[in-house]
Each structure stands twice: as structure tokens, then as C-alpha cells.
Amino acid sequence: MAGAASALFLLDIKGRVLVWRDYRGDVSAIQAERFFTKLIEKEGDPESQDPVVYDNGITYMFIQHNNVYLMTASRQNCNAASLLLFLHRVVDVFKHYFEELEEESLRDNFVVVYELLDEIMDFGYPQYTEAKILSEFIKTDAYRMEVAQRPPMAVTNAVSWRSEGIRYKKNEVFLDVVESVNILVNSNGQIIRSDVVGALKMRTYLSGMPECKLGLNDRVLLEAQGRATKGKAIDLDDIKFHQCVRLARFENDRTISFIPPDGSFDLMTYRLSTQVKPLIWVEAQIERHSRSRIEIMIKARSQFKERSTATNVEIELPVLMLPIQMFEYMLRAEFRLPSIQSDESAAERKAPVRVKFEIPFSGIQVRYLKIIEKSGYQALPWVRYITMAGEYELRLM
Amino acid sequence: MAPPAQSQRSPSPSQPSGKGEVSDLKMQLRQLAGSRAPGTDDTKRELFKKVISYMTIGIDVSSVFSEMVMCSATSDIVLKKMCYLYVGNYAKHNPDLALLTINFLQRDCKDEDPMIRGLALRSLCSLGVANLVEYLVGPLGNGLKDGNSYVRMVAAVGVLKLYHISASTCVDADFPALLKHLMLKDKDAQVVANCLTSLQEIWTLEASKSEEAAREREALLSKPVIYYFLNRIKEFNEWAQCIVLELVSKYVPSDSDEIFDIMNLLEDRLQHANGAVVLASIKVFLHMTLSMTDVHQQVYERIKAPLLTLVSSGSPEQSYAVLSHLHLLVMRAPFIFSSDYKHFYCQYNEPFYVKKLKLEMLTAVANESNTYEIVTELCEYVANVDIPMARESIRAVGKIALQQYDVNAIVDRLLQFLEMEKEHVTAETLVLVKDLLRKYPQWSHDCIAVVGNISSKNVQEPKAKAALIWMLGEYAQDMQDSPYILENLIENWDEEHSAEVRLHLLTAVMKCFLRRPPETKKALGAALAAGIADFHQDVHDRALFYYRLLQHDVTVAESIVNPPKQAVSVFADTQSSEIKDRIFDEFNSLSVVYQKPSYMFTDKEYRGPFAFSEELGNLSIGTEPADNVVAAQVVEANDKDLLLSTSEKEESQGYGNNGSAYSAPSYNASTTGASQGQLDLVSLDQPSTVHPTASFAIDELLGLGMPAAPSPAPLPSALLLNAKATIDPNAFQQKWRQLPVSLSQDISIDPRGVAAMTNPQALPQHMQGHSIHCIASGGQAPNFKFFFFAQKAEDSSVYLVECIINSSSCKVQLKIKADDQSTSEAFSELFQSALSKFVLP
């Protein structure tokens, strides 16, 4: 982290300042607002939409969420990746507090917003951005609060993501294995890129300081244990863990062990770059007969095992949307469009066919999820698998 | 004493009626100030909230200051926070009011609740009023010793705030020493991290004033401190880890064992979910292994997967930041991603800024094996996607064409673009075809055939028009209609708004005339007349220049305007190797995003901790282990002359090609259009030897007293070198970093020595005979790079030399750094004489 941010702004959709926090006193809100409103006015000029922009000695970095922009301003040579990520974390924090982050929720909660801005960053350096920890000492419903607010226990803890003394009547863990398939098929029908990005999303409702252990059908692990791997094991390509996972342990014996944070978090993400057969294949031909008549021929075929079914399948064509629940499908449609003066350039903007679906299975399998807490309670692990379309694009012929 | 009900006028926060509301609030607050009735706090909260929301929407509520302060004598923490916020907002501009609050903040700093102590201290330090600093020292001192880590964490940053308000107060109170103690002792990781950030800033800023601070700053990079942080790395939260890793990346380990230890320790950081931590670790890995070529390559292999994952997962903003870094890496090591090019294919829904960087990546990773696929993919973007994207894609295709050996297929593709008959596609393509022809004249036949079919009426963009006109002039011989098209264009002279186009028109018609006089005579006359009457200075001057030239002698004109051309081998790179190295040095910061070192976009006073100041920058050695590739770029970067051409162009083009893509985002050869016409007139027959003098002459002409001509060397007074001098690579590296360049020279080797130059591997041994020792070398024909080291015999002052040899152009670039700068000239003499003996024994 090479430099510090000077200020953090929350702006409305037109770029006007809703709330801002001045951390170092070296930028002016008026100047920032003037600059930013001008920037977003220039719509249609994609060049100017870079998330990092420089103006008059100040670097502005921003992200958009709903109808709110979050922006840092800095005069130093900051760490761009870190600050942009930080802004996303701020979104997460606000979402935790206000359900949704939007202009209204900010306006309704000025005071909490200020409190949060005060704690997540000090003098331009990020501090704590875990909503769970922040909520220990910044309560939304402060009115009803009887107990005195304490500085975060986690601060004094070796386990900074979880505080002590959490209690649940029913101890449960929900684990969603979510894999999104990215596929890109070019106009000749060739698959030019395919990979799978997976995430293990957890929601934990566990008391105390539980030790969790997770076993997967990870090829490296299974082979190390000398187990047979009849094609079921998976090569995990690039794994990233939540900070709670003991990485050294994983490096040693591929065991995923951790004390989870309370609530929901992404335990791990990974990427499989092994070629997968496209689960849903679509061929589409569009013929434009005249300005108002268009003929579309679509062939769609599912290519996964019969015992699975896909839900929420949508095939999005450049001209229209088709919601389908299908197995094998062929559609020939002719559309009479209202006689619009279809201008040449718009017609040329051929968007690809995009497919959305969800199928309840995944390449990665959870072999076990053990939860051990010194009080000895029994916790229920719930596991669910979903494979869905990520960037699933088939370009038109 | 019932709290007053909601104001009758029901103020809506979005549309307050202003003053009346504020004085209402003032009254209500005053009534509540002394009240101890139950429920008072709730009422106060309502009122405070109202004050805060007024403040937020920009209504001046400073008039209720004293009431707010009075009301905040409470144990209710939410009220306190709102009050601190309010005070912080108004105190800065009303120092008088601030004085009012000092008392109550100081009291709160002693509150029994650590939360309140911390918050009060933070607010106190944030007031930022210079005449109040004396009140900060006590609470800060207590805060640093507080039993609660929250308070210490706040105090650690508080010290830095104090430093910025009054540096002397901070230093006099000995706070930096306290921070250092805390940093090395505290149990709480966040306290430690905050101490580190504060100390980094303080000592960096102090370093210019006091030597002790400079030493302290260096001490942060000492082995015990670094190891202390490394051992605790897992305790820190993600942001603090970034700070620690940044610190570690500046550390210079003493030997390779240490480097491996550190890398082993940090290996798992590459798996951290936070992309910023991953990038920070990568920086450590890259910087530590700079001097270990093999390991450095392995590092590239190791970091590939995590980087690619970061690009394809996470937010588009993250992709943007990471892609900028990938671009930097691929410039240094083009091979790393060449088989992963598919990761840079664009998705339809990605924001343009991501797509643009991906196109740059595709251009950069293109090599013989993947060019076909990449260009095919780019062609889809040209046909399918929106206009800006289509333009960028065409440019990318063109850039790839300019850097490939086998451009056959690509030229076909470009020509197909012209047949698509879309204005923006045609325009972009024309510009590229022009550049392509300047480099590969052998394609003129195919290109001209297609370009000839384009109606100039369909080309409106100035750059494209200029390109078309250039081709009409340059290939007047082959394009049948050339004189007539030009004539048409000249007829519309007055409607042509772009001076650039008019300049090109003049040159083109001139060239056309010299080849086909009878057909062009009329057009030339019209053009010169219009040009001389032109209001634009350059156009006017050029027309006049041509006119006089023709008057003087047509054959001379011919030899000046239309000499046989040599192809451009490599388009000039806009960035020097120094700058690229500086950017690499600032890996994981904005420098990479902007492709500029930080001193170009930050004011001195705002430079971050450890940002290199100008005199510290020259990390050229850093590039050395990245081997031949970089060395080639270095040489190429110094070929400042746009039209410098070498006869062995195919050969010398080799690795250099990626450099030309580096200027990627705004790079467009025709931006130099105006001057380019002029340069076209100059032909260098023997560029390699003529060049240095030629550029010197021009410099003189321009009145630039450039150091190209070495000042008369002082007598090579018996400069004796220590034959057995030694230095280890790390020490060399550090030294190279510290010393400024004391001498930088370009020398040409006697062409007869080319034979020796083809085998410069023997050079180190030869130089050894002259007591000049080679530290590192690398490169591949025709570019070689060496680092030499020598030590004076009488005292131990040293000379460091970077020597870049281009064996095909017989050029040598020397960069000498010396402890004793006064003798660097003498040393240079010595070095050159040793070198010349190698060339011609």
C-alpha cells in the first residue's frame, strides 16, 4: 500500500456528493464533485469511463453500485488494486447494514454512514472492513441498544474475523458450491474459450469457536492418500481461500481447516481450466429480409446427463428474449417488427446469443464437512450444488 | 419537561427551509442541555441527527456549536459520535469554536469506556487546527500507552495526524520513537500496522531534513524488522498485509538462501482471496529475484495462474487494475502469457476499459504461434461490436502486423476491412495500411490495388484522409488516378479544416509532380498558391519552401522530397527504459495504471512513503536479469529517430517489436503527422554511422547544448584500477540504485570491428584484463547488455557501467556511475580504449 486516500465520497447517479469523509484535508469536495459530474456527463464516450482517472494532481477511483457511486480521491501514488477492492468491500459493509446500498438507504442512515466511514479508514489507510466486526461496535438500531458498545473484541483476538461469545440455539452450516461456466463460441461454432469459476459459499450459524474441516474430491489430495481416483477427482487450478483458512496446513497436506467467520462468506474460490463440453448448445441464424421482417432460426440442445435438469434457462438473442424450460428445442420464428427506420450502424451491432441456466450439480464434490467445537455440540451441515452460466456467449454466424 | 414535539413545519431533510429551522434546533438543544430527565437522550439523538443531516446537505449549522457541545456531556456513545462528527466538520474553519471543544474532548480521552477514549482521541487529532497542537501531546502520549488496543490503534495514526499539523511538535515529543517501540512490541496486529504506516510517512518526510530520520527509514528495511513483520504476517488483516508486503518488497536480502526463505514464507499469500494481497506478494517475488535470472523466470510461471484468475473473477475494476499489471509484466517477459492468450478474449458485456486493456494484452502476447488465432478473434470484434471497440481492434491488428515477421495473412485481413465499406473501419484501416507500408514497402502492390478503389469522398476523418493522401503521393507511380484525386482534393482546399491534411496534401502533390509532371502540374500550381495563401503558419511555410525549392532546382527538389526510401525498421518507442524500470519499481501502484512513474503525476509533498525521488530511481540493473528481451527494448528505446533505419531491418526487428506496442493506448504513428512530412524529406543513407553526428548537428541547430559532444576530457591522469576488485551483485544493485548517472555516452564502433562484435561473450574476459569486471550480462544478437564494475586502486571508490551493445548497428551505449564523479570522464576514456582494443586488437 504505497499511499493513502485523501477522501471517500458517496455520490448520487448524477455525481453529486451525498456524503463524504475527508481523511487528510488535501482535496476539496467541490472540486471533486465538479470533476466527477463532468466525467459522467460525457456519456457515450467510453474512453472516459476508466475507473481510475486523473485530474489536476488528484487521482479519482470509483465504482458504481445501483444508483450510487463510491469514489476515493488521492494525491499520492496509491495502490489502485487495493483501493478499488476496498471500495467493493465498503459496498459489502453498507449492504450488510442497510440491506441494499442505494441513494435512499444512504440518505436514511446518514449517522451510521458517518460512523462507518470513520472506522473503515483512518487518515486514508484502510482499517477494518469486515461487516461482522464493525457491527459489534456500530449498531444500526442504536436506539434499542441497552448494552454499552465495546471496541471490537476481534481486535485483541488472534482470530480477527470472528469474535468470541457467539451463541446459536441451533447450530447449522450451509455450504453452496456454485460453479459458473464461462464459454465463448465464435461465429464459426468453435469453442474458443471455456473455463469454470467456482466458489464455496458458506453461511455459518455456529456457537463458540468452531473448528471446521472440509474434504473435497481434490485430485492432489486423493492421490496423496493413495485413494483410487476413477475420473471423479478434480484438478483445482488456482485456489484462493478466505483468510480464515490455514494456508500452511493446506500447503502441507491439502486439508482445508478453518475457524469460520460468523454469517456468510466465500470460503474458497477456484478455477478449472479443463475443457468442458458446453452444457447447452445453441445455434442461431438470423436473416434480415427487410427492415421490418426478420427470420430467426434457433437450435438449442442440452448436453448434460439425463438425470439432471436445467432450470431458469433463458436464451437471450440480440433481438428478443426467450424464456424456456427445455430439453431439445428448435424454433423457427419470423418476426414482423414495427416498421422502424432501422439505422445501419445499430443493425451491425450484432450482440452474441447469451444463455442463462442453472443445473443442480457440480464438478467438485464435498466429501465431508466436520465441525468440532469444544462444547461438543452437533452441527448440521447442508450442502447444495449449482452449476450456472457465467459468461456464456455464442456469437452469431 | 416534555421534549418539544416535532416541529410544526415538518422539516423534510431534503428541503429544509433554512434559518428558521436552525434557530429552532438551537432552542430545543439549549432546553435539553442540562436535562437529566429519562428519555432525554432519545430526544437529543433526534435533534443531533437533524443537525447532522442539515450539515450533510450543506446547510450551515455552525451556529448551534455551543449547544451541541453542551449536550454532549452524556455517556451515550451515539450522541458522542454525532457530536464528534459535527465538531470535526466545523472546527477546522472556526478555530475559535474548536477551542471550546478541546476541553470536552480531552475529558473524553480519559473516559472509562475505551470506545469513547478512542473516538475522542481520533476526533481530537482530526481537528487539524495548528494552534491547538499543544493540547494533543498529552492525550496522544496516554493513548499510545492505553491498555486497550483500540485506543492504541487510533493513537498510532493520531501521531501521524499530529505530524502533519506540526512536525516539530510531533518530533519534539519523541512520538516517532514511541511508535517504533510500539511497532516492535505490541500484541495487536492493527496497532503494529498503524505504527508502521505512520512511521513510514513520518520518516520519509523527515529524511530530507535529518540524517537520523533517513537512517531510521533505512532501519525499517533492516533484516530484524523485516523478519519481525514476516513472522507475524498472518496476524494482520488484508489491508495491513498489503502494507507489510510493500515494505518487504523494498528489502534487499543478503543472499539467495534468504530470498528463498522469504518466498517460501510468502508463497501461500498468492492464494489469498484479496487481490491486493496477491499483487503485493507478486511484487515481493519479482523484486527479490531480479538478480537471479532463472528463479525470476520461475516466478513468472508461478504467478501466472493467480493473476489470470484475478483477471477473470471479481469486479471489472479489479480486472482493470490487474490487467494493467499484466501488461507491464508482458512487456518485460513477453513469453509468460503467450499460451494463455485466450484469457484475454473479450466478453460482450465487459466494460470498454477492460476490453481495451485486453486488446493491448492480445497485441503484446502475439507471437508466431498464436498470431493467427488472435487476429481471427480481433477480426470478429471489428465486424461485430460497437464502433470504439472496432477501432481499437483494427489498431490492434495493425500493431500485430507491425511486429510480426509474417504479415502476409494480416495484410489480407486489413484489406478485407477496407472492403467492408464502413466509414470508421475504413478510416482506421487506412492509417494502419500507411504505417504498414512504411515498414513493409514490399506490400505496396497489394495494398495500393485496394486503396485505389476507395473513394476519397468516403474518407472524412483527418487522420485517415492524411494517410490516404500520403499513399497517393508516395505511390503516385502505381496509382493511376493519383494526380486527379489529388487535384479534386485541392479544389476543395478551402473546405479542408485540418491543417494536417493540408500539409499532407502539399507534400503528396509535390511527390506526385516529381513523378508525373505533366499530369500534376496544374494541381501543384493550385496547391502551392492555396498553400502560400493559407492562414496556417506551417502550411504556409511548407508551401513556400516547396515553391523556392522548385525555383532553385527541380533535381535538388526531387532528391529532397522524393529520395528512394528505406523502410522503417522499428517505430520509435515513446518511453525510455529508465522510465519503464521506474514503473516496474513502483509495481502495484497507480504508476502502472497510468504507465508513468509517480513523479510525473504526484506533487513532491504528496509522494508516498518510499516513493523514489528522482536521484534514486535508476534501477536499470533491475532489467538485466530479465535478459535479452529487455535489453533489446533498451536499445530500441534509444533510437529516438523515428526514421532511423538499419539495412538489416528484418534482423534487428526481432525482439524489439514488443516495445513498439508499449505505447499502446494512445499510440498512433500519425499523431506525429505534421512533423513527419518534414522528416520524410531526410534520408539517411548510412544511418548507423551518420546518425550520432546528424542528431548532434540538429541539436546544435536547435540551440540545444546537448552533451553529445564530450567536453574535452581531462588528461587521463594515471587512473589506476584495482585488478582484484570484487563486489557482490546485491551490493552492485544497491549501489546502482543510489548513484546518479555521471556520464552517459553513445559511441560508434569502427565497422571493421563488427566481426568481434558478433561474439561479445568474450568481452567480459577481455575487460577483465583491463581491471574492469563484469557483474552481469545478457542478450541475444544483435543486442547485448553488460554491467561492469571497477574500483580505483588508490582509494576504494567504484565505477559502475551499463554497456549496451548493438552488434548490427555497431553502436554502444555507455552509462557510467561513479562514487567520485570528477574522475568518471577519465574512467570513461579508459573504458573506451579497452573496448576499442577488443574490437580491433
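In the text below, chain A, chain B and the rest are named by the order of the sequence lines, each starting its count at 1. Because the structure is a prediction, the values reported are computed rather than measured.
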Quiz item: Just checking, any donor-acceptor pair under 3.5 angstrom between side chains of B:Y150 and A:E119?
Solution: yes
Exercise. Would you mind checking which part of A:R16 comes under 4.5 Å of any heavy atom in chain B, side chain (CB onward), backbone (N, CA, C, O), both or neither?
Key: neither
Quiz item: Given the side-chain rings of A:F86 and B:W239, with only the six-membered ring counted for Trp, is the space between their centroids under 6.0 Å?
Solution: yes
Quiz item: Any side-chain donor-acceptor pair under 3.5 Å between A:Q243 and B:H272?
Solution: no
Quiz prompt | Under-4.0 Å salt bridge between B:E377 and A:R395 | solution = yes
Self-check item: Among the listed options A:N182, A:L18, A:V197, A:L85, the residue most often paired with chain B at heavy-atom distances under 4.5 Å
Solution: A:L85
Exercise. Using only heavy-atom distances, determine whether the side chains of A:Y125 and B:E201 contain a donor-acceptor pair under 3.5 Å.
Key: yes
Quiz item: Given a strict heavy-atom distance threshold of 4.5 Å, which part of B:K187 is in contact with chain A: side chain, backbone, both, or neither?
Solution: neither
Exercise. Identify which of B:S126, B:P306, B:A321, B:G158 forms the greatest number of heavy-atom pairs closer than 4.5 Å to chain A.
Key: B:P306
Quiz item: In Å, rounded to the nearest 0.5 Å, how long is the span from CZ of A:R271 to NE2 of B:H343?
Solution: 5.0 Å
Quiz prompt | Check: B:C346 main-chain N/O paired with A:R193 side-chain donor or acceptor under 3.5 Å | solution = no
Practice problem: Working to the nearest 0.5 Å, report the span between CZ of A:F123 and NE2 of B:H164. | Solution: 4.5 Å
Quiz item: So how far is it from B:Q347 CD to A:I183 CD1, rounded to the nearest 0.5 Å?
Solution: 10.5 Å
Practice problem: Examine distances only and state if a side-chain atom of A:Y54 and a backbone atom of B:F601 form a donor-acceptor pair shorter than 3.5 Å. | Solution: yes
Practice problem: Against chain B, label A:T59 side chain, backbone, both or neither, depending on which of its atoms sit under 4.5 Å from a heavy atom there. | Solution: both
Quiz prompt | Pairs of heavy atoms under 4.5 Å with chain B: top-ranked of A:H242, A:M268, A:H88, A:R21 | solution = A:H88
Self-check item: Side chain, backbone, both or neither of A:E393 within contact of chain B (heavy atoms, under 4.5 Å)
Solution: side chain
Quiz item: For the candidates A:V245, A:T129, A:T269, which exhibits the highest count of non-hydrogen atom pairs separated by less than 4.5 Å from chain B?
Solution: A:T129
Quiz item: Looking at residues at least two apart in the chain, or sitting in another chain, which of them share a salt bridge (Lys or Arg N to Asp or Glu O under 4.0 Å) with A:D266?
Solution: A:K201
Quiz item: Measuring from A:N79:CG to B:S589:OG, what's the distance to the nearest 0.5 Å?
Solution: 7.5 Å
Quiz prompt | Side chain / backbone / both / neither for A:L184 at chain B, heavy atoms under 4.5 Å | solution = side chain
Quiz prompt | Engaged part of B:V593 at the chain A interface, taking heavy atoms whose separation is under 4.5 Å | solution = side chain
Practice problem: With the side chain counted from C-beta on, respond yes when B:S591 and A:N77 share a heavy-atom pair under 4.5 Å apart, and no when they do not. | Solution: yes
Self-check item: Cationic N near anionic O, under 4.0 Å, B:K161 to A:D122
Solution: yes
Self-check item: Choice from A:V52, A:V19, A:D22 maximising heavy atom contacts with chain B below 4.5 Å
Solution: A:V52
Exercise. Go through the atoms of A:M61 and report whether side chain, backbone, both or neither lie under 4.5 Å from a heavy atom of chain B.
Key: side chain
Exercise. Decide whether A:D50 and B:Y320 meet the rule of one side-chain donor and one side-chain acceptor closer than 3.5 Å.
Key: yes
Self-check item: chain A interface, residue from B:D268, B:T309, B:V354, B:V151 that has the most non-hydrogen pairs under 4.5 Å
Solution: B:T309
Practice problem: Go through B:N194 and A:Q127 one step at a time and tell me if the side chain to side chain donor-acceptor pair (under 3.5 Å) criterion holds. | Solution: CA-CA 9 Å; B:N194 285 359; A:Q127 303 283 311; 2.9 Å; yes
Quiz item: Of the backbone (N, CA, C, O) and the side chain (C-beta and beyond), which part of A:Y23 lies under 4.5 Å from a heavy atom of chain B, both, or neither?
Solution: neither
Quiz item: Are the side chain of B:R122 and the backbone N or O of A:D118 linked by a donor-acceptor pair below 3.5 Å?
Solution: yes
Quiz item: How many angstroms lie between OG in A:S82 and CG in B:L279, if you round to the nearest 0.5 Å?
Solution: 9.5 Å
Quiz item: What residue in B:I116, B:N274, B:V154 has the most heavy-atom pairs under 4.5 Å with chain A?
Solution: B:N274
